[in-house]
Amino acid sequence: MAQLNPNLRDGFGSKLGVIAAAAGSAVGLGNIWRFPYVVGQNGGGAFLLVYLLFILVIGVPVMLSEFVVGRRSQRNALGAFKKLAPGTYWHVIGIMGIGAAFFILSFYTTVSGWTLEYLVFSLSSSFEGKDKEELNVMFEQFRMSGLKPLIYQMIFMFFTAFIVFKGVKNGIEKYTKLLMPALLLIIVVLCVRAVTLPGAGQGLVFLFKPDFMKITGDVVLQALGQAFFSLSIGMGALITYGSYINSENNLSNSAFSVTLTDTLVAVLAGVAIFPAVFAFGIQPEAGPGLVFITLPMIFEQMAGGYFFSLIFFLLLVIAALTSTISVLEVVVAYVSEELGMNRKKATVLSAISISVLGIFCTLSQGPMPEIHIGNRNLFDILEFVSANIMLPLGGLLIVLFVGWYMKKDEVFDEISNKNKLKVRFKWLYLYIIKFVAPVAIALVFLNGLGFFGAFSN
Ligand code: PHE
């Protein structure tokens with residue numbers, strides 16, 4: 001392992017920088033593209049309720065635990081466990097995390113590429129005068145065209161690598177501090193437009209009124225996977241970012257602020273999208289195409305549509321970029337610290353190798369649907385396996401690590417900044433990560449995968 005001088009380690013310069021970067025990681029396509037379509041497919045309000053419950057009882061403690069591991073160890077997602085638990089197998093958490101980073105970035109850059117293309121479509125008024133069918137064809141044609149989505153995906157990967165290349169303070173922190181406020185502003189503008197559409201009420205009812213009959217084992221697993229995916233937890237992205245947080249930062253406050261921002265943006269995205277979906281008579285179960293096929297139609301039909309579609313796709317691009325950099329950083333931090341490669345080289349190498357899997361992922365969504373297993377293509381498999389299996393499993397192991405392996409005093413020391421802060425809920429936190437979170441994750445997991453047979457659905 002490369003020896004590190006802690007004084008030379010790059011890191012975040014300010015409290016706001018920490019929140020911008022970590023919230024930038026959390027807020028992404030997961031909130032704006034994935035959350036609405038998953039809510040739509042899983043019955044609306046009831047799903048939202050289960051999701052919010054998971055965010056609170058599992059999300060916050062897992063996030064705090066990642067920060068604890070990261071800051072305590074001052075290492076990347078894998079090195080952290082080697083340092084805190086030498087000679088044990090705990091570092092498999094890191095190995096799985098790096099694997100998850102490969103998977104996530106592959107399909108994520110596919111969709112990010114679409115957002116870039118749709119930004120260009122918006123700019124050139126390509127949606128103008130098209131009805132739902134024509135917009136459908138437009139999406140299909142673009143996806144099937146082979147080369148174009150790949151080019152956009154590569155452009156997106158290039159932007160991501162560019163920021164990571166620049167480093168933590170002068171790259172990640174600088175850009176997220178600039179991009180995150182813009183994102184929040186844009187989403188609020190969109191919400192105001194959506195709720196003032198005629199017939200908006202029905203969409204809000206769908207989103208907020210729970211129908212408990214719709215809750216099944218699968219719905220609960222989807223909610224858990226969505227909570228992990230949306231908060232960027234369970235794969236070491238926040239261990240890596242945690243290692244860049246300085247010793248003065250209040251980790252629990254940061255975890256709360258990031259979770260709150262992420263949840264707010266997801267709910268706001270729902271508020272922006274569902275009223276419009278219902279106002280124009282679109283099926284909420286439309287799936288991954290919800291944003292790309294139906295929203296252009298909504299923009300097409302509403303006053304100021306050109307403007308709104310432009311800012312919406314700009315929003316998606318920004319949100320995606322501040323997340324992809326955090327995923328790439330997991331791999332880059334590992335390669336540069338553990339394999340001793342210089343950071344710039346590590347960035348280029350990691351981006352290129354992930355792109356190889358990414359290319360197949362994009363092709364499986366387009367001209368090469370034969371890249372599949374059963375009825376899922378490569379894209380769907382990577383999305384399902386990473387969000388619904390690898391992240392919850394990683395999160396489970398992380399809370400077990402902090403709750404059972406790390407010494408209690410060490411953990412308290414870290415969340416209280418060596419007793420400088422009074423943390424009133426530290427026992428509650430410990431109780432949750434020792435018992436509540438692991439049991440909850442394990443149950444949801446087994447139930448969702450059908451282990452309880454008759455009881456699952
Ligand atoms: N949280 C990001 C989003 O919602 C995705 C992500 C997952 C980023 C895991 C980093 C790690 O889009």
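Each residue takes its place number in the sequence, starting with 1. Just so you know, ligand 1 is whichever comes first in the structure, and atom 1 is the first atom listed for that ligand.
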For ligand 1, is there an N or O atom under 3.5 Å from any N or O atom of [X]?
| X | value |
| --- | --- |
| I233 | no |
| L29 | yes |
| A26 | yes |
| S232 | yes |
| S326 | no |

Treating [X] as the side-chain partner and [Y] as the backbone partner, does any N or O pair qualify as donor plus acceptor under 3.5 Å?
| X | Y | value |
| --- | --- | --- |
| N246 | N249 | yes |
| T362 | Q153 | no |
| T322 | S25 | no |
| T109 | S112 | no |

Using a 4.0 Å heavy-atom threshold (strictly under), name the region of M235 that reaches ligand 1: side chain, backbone, both or neither.
-> side chain
Could you check [atom] against the protein and tell me its nearest heavy-atom contact, residue, atom and distance included?
| atom | result |
| --- | --- |
| atom 1 (N) of ligand 1 | F229 O, 2.7 Å |
| atom 12 (O) of ligand 1 | Y108 OH, 2.4 Å |
| atom 2 (C) of ligand 1 | S25 O, 3.2 Å |

State whether E248 and K15 are salt-bridged, where the test is any N-O pair (Lys NZ or Arg NE/NH1/NH2 against Asp/Glu carboxylate O) under 4.0 Å.
-> no
Cation-pi check, R34 onto F229 ring (under 6.0 Å, within 45° of axis) | yes
Note: ligand 1 atoms sitting under 4.0 Å from heavy atoms of G30 are 3 (C), 4 (O), 12 (O)
Ligand-side contact atoms (ligand 1) for residue partner N31, heavy atom cut-off under 4.0 Å | 4 (O)
Is there a salt bridge (charged side-chain N to carboxylate O under 4.0 Å, His left out) between E410 and R72 once you walk through the steps?
-> CA-CA 9 Å; E410 236 184 329; R72 188 87 192 163; 3.6 Å; yes
Are W114 and Y118 near enough that their ring centres are under 6.0 Å apart?
-> no
